[in-house]
Amino acid sequence: LGLTGLTDGRVRFDGADVTALRGDSLVEYRRRAGIIFQDPFASLNPRMRVDALIAEGLEIHGIGTAHDRRDRVAELLDRVGLASEHMRRYPHEFSGGQRQRIGIARALAAGPEFLVADEPVSALDVSVQAQVINLMKDLQQELNLSLLFIAHDLSVVEYVSDRVAVMYLGRLMEIGPASRIYSTPKHPYTEALLSAAPVPDPDAARARSTLEGGVPSPASPPSGCVFRTRCPYALPDCAAEIPQPTAVAPGHLKACLRDDIL
């Protein structure tokens, strides 16, 4: 989204290199792409009323008249499950779940095509998480949004995702359709993650894949495959070579030197 600079690599959106955008092209990209922040308590300016928070993007991009923007704010509040009279209140007058709904409305204001949802429910009570997740799924379908959903809760990821990318120490371990990732994981780290996830049945018999050791420092990751120090299948070559994602099925890739496991 351009909120921080890149240290390496490129980001492409609709065929264009986002890091090279300047001027009007960058402004247009920022209208088409938005973000839902992790912390609804820190991401809303406490000095601004809800109407100003949501309408700010519309003003920046010159969308509509003042009357149009007011109508748009009321429409967005209704869409996320709040009332139009809430637009004259300040963030401290809302619960955490309501604030995140305001954050979602703000992200949708300028009519984006792509949203980054950065741990959007991790700061909320469990009873509220399901409401916000279902709201986001409904909005995704209604508005035809592409959604990059970042989370650590495996059940949430499975529920909201069409495709899943599994990362460890900043590197991609496995990527593929959600149904395949959860039913037939092909990377040892994915296998260990899924085996550690709790299930709502205390009597269920489960095979656990236990990892030894602790997570290395991201500032000084292991050479080669960053997962090798905890991988039960590691080979000497894993210390020398960074594995590249290779296809194990249509649309399903894993970054592992071994083809004889899982």
Side-chain angles (χ1 to χ4, degrees), residues 1-20 33 35-36 38 114-120 122 140 145-197 209-262:
L1 295 173
L3 298 182
T4 60
L6 265 65
T7 55
D8 196 9
R10 292 183 297 176
V11 178
R12 291 191 174 275
F13 177 80
D14 200 15
D17 185 354
V18 171
T19 60
I35 185 169
I36 302 169
Q38 177 177 1
F114 168 60
L115 285 183
V116 176
D118 181 16
E119 293 272 11
S122 63
Q140 181 186 22
L145 288 170
S146 294
L147 187 65
L148 175 60
F149 193 98
I150 304 165
H152 291 90
D153 188 322
L154 297 179
S155 60
V156 170
V157 172
E158 182 180 20
Y159 182 64
V160 303
S161 302
D162 299 306
R163 288 178 60 78
V164 173
V166 181
M167 300 188 73
Y168 180 82
L169 286 182
R171 288 194 177 275
L172 187 70
M173 299 288 104
E174 185 171 1
I175 183 170
S179 57
R180 284 191 57 86
I181 293 288
Y182 279 81
S183 63
T184 54
K186 294 299 182 181
H187 194 281
Y189 179 57
T190 310
E191 177 193 38
L193 274 181
L194 294 176
S195 73
S209 176
T210 304
L211 301 180
E212 302 294 336
V215 180
S217 168
S220 182
S223 62
C225 176
V226 293
F227 183 61
R228 66 176 176 81
T229 57
R230 305 182 71 198
C231 181
Y233 308 106
L235 299 171
D237 287 349
C238 295
E241 184 178 348
I242 298 176
Q244 299 302 312
T246 56
V248 295
H252 189 176
L253 295 84
K254 73 169 183 177
C256 182
L257 298 181
R258 296 194 61 165
D259 295 325
D260 58 336
I261 57 174
L262 301 181

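Heads up: numbering here begins at 1 and tracks the sequence.
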How many angstroms lie between CG in Leu253 and CD in Gln244, if you round to the nearest 0.5 Å?
11.0 Å

What are the two closest heavy atoms between Val248 and Lys186, and how far apart are they?
CG2-CG, 3.8 Å

Distance-only, no hydrogens or angles: does the His187 side chain make a donor-acceptor pair with backbone N or O of Ala255 under 3.5 Å?
yes

Can you list the steps and then say if Met173 with Val226 is a side chain to side chain contact (heavy atoms under 4.5 Å, CB included)?
CA-CA 10 Å; Met173 299 288 104; Val226 293; 4.0 Å; yes

Is the backbone N or O of Pro250 less than 3.5 Å from a side-chain atom of Arg180, with the two atoms forming a donor-acceptor pair by type?
no

Given side chain to side chain contact (heavy atoms under 4.5 Å, CB included), test Gln38 with Ser122 step by step and report yes or no.
CA-CA 7 Å; Gln38 177 177 1; Ser122 63; 3.0 Å; yes

Residues 220-242 vs salt bridge (Lys or Arg N to Asp or Glu O under 4.0 Å), sequence neighbours excluded, gives none

Rounded distance [0.5 Å steps], CZ in Arg10 versus OG1 in Thr19:
8.0 Å

Do Leu193 and Pro185 come within less than 4.5 Å of each other through their side chains, counting heavy atoms only?
no

So, Tyr233 side chain and Arg258 main chain: donor-acceptor pair closer than 3.5 Å or not?
no

For a side chain to side chain contact (heavy atoms under 4.5 Å, CB included) check, start with the C-alpha distance between Ser161 and Ile181, then their side-chain angles and the critical distance, and finish with the verdict.
CA-CA 11 Å; Ser161 302; Ile181 293 288; over 6 Å; no

CD1-CZ distance between Ile242 and Arg171, expressed to the nearest 0.5 angstrom:
4.0 Å

Distance (rounded to the nearest 0.5 Å) between Thr246 OG1 and His252 NE2
10.0 Å

As an exercise, state the distance from CZ of Phe227 to OG1 of Thr190, rounded to the nearest 0.5 Å.
8.5 Å

Donor-acceptor pair, Tyr189 side chain versus Glu174 backbone, under 3.5 Å?
no

Spell out, as yes or no, whether a donor-acceptor pair under 3.5 Å connects the side chain of Ser223 to the backbone of Ala239.
yes

Quick one, Ser155 and Tyr182 - any side-chain contact, counting heavy atoms below 4.5 Å?
no

Going by side chain to side chain donor-acceptor pair (under 3.5 Å), name the residues that satisfy it together with Thr184, two or more places apart in sequence or in a different chain.
none

Supply the atom-to-atom distance Leu257 CG to Cys231 SG, rounded to the nearest 0.5 angstrom.
9.5 Å

As a quick check of understanding, evaluate side chain to side chain contact (heavy atoms under 4.5 Å, CB included) for Val160 and Leu147, giving each step before the final call.
CA-CA 9 Å; Val160 303; Leu147 187 65; 5.6 Å; no

Neighbour count above 12 (heavy atom, 6.0 Å) for Asp260 CG:
yes

From the list Asp14, Ile35, Leu148, side chain to side chain contact (heavy atoms under 4.5 Å, CB included) with Phe114 holds only for Leu148

Please examine the side chains of Pro245 and Ile175, heavy atoms only from C-beta on, and report whether any two atoms are closer than 4.5 Å.
no

Locate the shortest heavy-atom distance separating Cys256 from Ile261; write the atom from each residue and the value.
SG-CD1, 4.1 Å

Heavy-atom pair with the smallest gap, counting every atom of Pro222 and Cys225
CB-O, 4.3 Å

